[in-house]
**Student:** 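Right, I'll just put the structure down here and ask away after.
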Amino acid sequence: MAVRLSRRAGPGHPALFEPSLDIPWPPRPPALPRASAAIDVEPFRAVLAAAEAITVAELSHVALGRSVTIGGLRLAADPLLPGDALIDDGSAVAPLVISDNAAPTLRAALAQRFLVATGTVTEREGFVTLEAHDVRDLRQLNRDWKTISRR
């Protein structure tokens with residue numbers, strides 16, 4: 001006698017996922033740089049050059065353990081990437097990580113739209129990240145730089 005196939009869960013046919021909430025999201029590629037980020041960061045190039053900042057694209061596994069400075073546009077954290085925020089300078093996007101015992105002022109500095117971050121290049125969950133020790137407002141630094149350079 002032929003056995004009929006059933007789509008209903010039962011003792012002989014357990015359900016793969018209980019509710020639909022158990023179904024995992026499909027993997028997404030890491031955040032890609034926005035085309036307009038390079039244009040947005042362009043007015044700050046002189047300040048970034050004076051701070052000896054490198055581009056985000058230069059962060060790699062080769063640079064692990066180095067102390068570097070990067071600057072760019074702050075983006076909201078991606079739930080699929082480690083870190084408290086993302087930084088985009090038009091060349092690439094990198095996660096910024098703030099340690100758990102960091103000062104509250106360091107976390108508050110992440111609220112700025114344009115950032116300059118100094119920290120150590122680390123690897124978390126397979127991604128190259130910057131563990132920030134100092135975060136500053138890039139717009140304020142640019143205003144101060146213009147005032148100083150006029151003198």
Side-chain angles (χ1 to χ4, degrees), residues 7 9 14-151:
R7 292 186 182 258
L16 182 59
F17 298 105
E18 290 298 323
S20 63
L21 298 176
D22 286 345
I23 299 173
W25 290 96
R28 285 189 337 190
L32 298 173
R34 294 180 0 176
S36 64
I39 297 167
D40 293 341
V41 175
E42 188 59 36
F44 307 112
R45 292 290 177 207
V47 175
L48 293 172
E52 298 178 358
I54 65 171
T55 63
V56 177
E58 293 177 54
L59 295 180
S60 68
H61 288 74
V62 177
L64 289 178
R66 283 184 41 204
S67 179
V68 298
T69 301
I70 58 175
L73 179 67
R74 181 206 37 89
L75 304 173
D78 188 330
L80 298 178
L81 296 174
D84 301 299
L86 299 174
I87 190 162
D88 181 5
D89 68 350
S91 67
V93 177
L96 283 177
V97 178
I98 305 292
S99 67
D100 294 334
N101 57 357
T105 55
L106 190 59
R107 287 203 181 277
L110 285 179
Q112 303 302 321
R113 183 168 179 226
F114 292 96
L115 302 174
V116 173
T118 302
T120 306
V121 181
T122 60
E123 182 180 358
R124 296 213 178 160
E125 301 174 21
F127 294 97
V128 176
T129 62
L130 182 71
E131 185 173 340
H133 306 300
D134 188 28
V135 177
R136 304 281 174 133
D137 181 11
L138 184 55
R139 290 180 292 188
Q140 182 62 42
L141 288 174
N142 192 41
R143 283 190 289 268
D144 294 346
W145 177 258
K146 286 180 180 178
T147 302
I148 292 170
S149 63
R150 287 183 193 154
R151 293 181 187 172

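Here, residue 1 is the first one in the sequence, and each next residue gets the next number.
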**Student:** Keeping N142 on the side-chain end and F44 on the backbone end, is there a donor-acceptor pair under 3.5 Å?
**Tutor:** no

**Student:** Is the side chain of D84 donor-acceptor paired with the backbone N or O of I98 at a distance under 3.5 Å, no angle test?
**Tutor:** yes

**Student:** Between atom OG of S36 and atom CD of E42, what is the distance when rounded to the nearest 0.5 Å?
**Tutor:** 13.0 Å

**Student:** Are any non-hydrogen side-chain atoms of R34 and D40 less than 4.5 angstrom apart?
**Tutor:** yes

**Student:** With respect to I70, which candidate in L48, L59, L115 satisfies the side-chain contact (heavy atoms from CB on, under 4.5 Å) definition?
**Tutor:** L59

**Student:** For D88 and A37, which heavy atoms make the closest approach, and how far apart are they?
**Tutor:** OD2-CB, 3.4 Å

**Student:** Under the criterion side-chain contact (heavy atoms from CB on, under 4.5 Å), I'd like the reasoning laid out for L73 against D89: C-alpha separation, chi angles, the key distance, then a yes or no.
**Tutor:** CA-CA 6 Å; L73 179 67; D89 68 350; over 6 Å; no

**Student:** Looking at side-chain heavy atoms only, is the closest gap between L138 and Q112 below 4.5 Å?
**Tutor:** no

**Student:** Check for a donor-acceptor pair, side chain of S91 on one end and backbone N or O of A57 on the other, with a separation under 3.5 Å.
**Tutor:** yes

**Student:** Minimum heavy-atom separation for P95 and G83, please, with both atom names.
**Tutor:** CB-CA, 4.5 Å

**Student:** Once you round to the nearest 0.5 Å, how far does NE2 of H133 lie from OG of S67?
**Tutor:** 6.0 Å

**Student:** With a 4.5 Å heavy-atom cut-off, do T120 and R66 have their side chains touching?
**Tutor:** no

**Student:** Please confirm whether the backbone N or O of T55 pairs with a side-chain atom of E58, one donor and one acceptor, at under 3.5 Å?
**Tutor:** yes

**Student:** Using atom types as modelled and distance alone, determine if a side-chain donor or acceptor of R74 lies under 3.5 Å from a backbone N or O of F114.
**Tutor:** no

**Student:** Nearest heavy-atom pair of R45 and A38: which atoms, and what distance?
**Tutor:** NH2-O, 4.0 Å

**Student:** Could you go step by step and tell me if H61 and V128 meet the side-chain contact (heavy atoms from CB on, under 4.5 Å) rule?
**Tutor:** CA-CA 7 Å; H61 288 74; V128 176; 3.5 Å; yes

**Student:** Does the side chain of L96 come within less than 4.5 Å of T129's, by heavy atoms?
**Tutor:** no

**Student:** Are the charged groups of R136 and D134 less than 4.0 angstrom apart, N to O?
**Tutor:** yes

**Student:** Ignoring hydrogens and angles, tell me if any N or O in the side chain of D78 forms a donor-acceptor pair with the backbone of L86 under 3.5 Å.
**Tutor:** no

**Student:** Out of I87, V97, V68, which one pairs with L130 under the side-chain contact (heavy atoms from CB on, under 4.5 Å) rule?
**Tutor:** V68

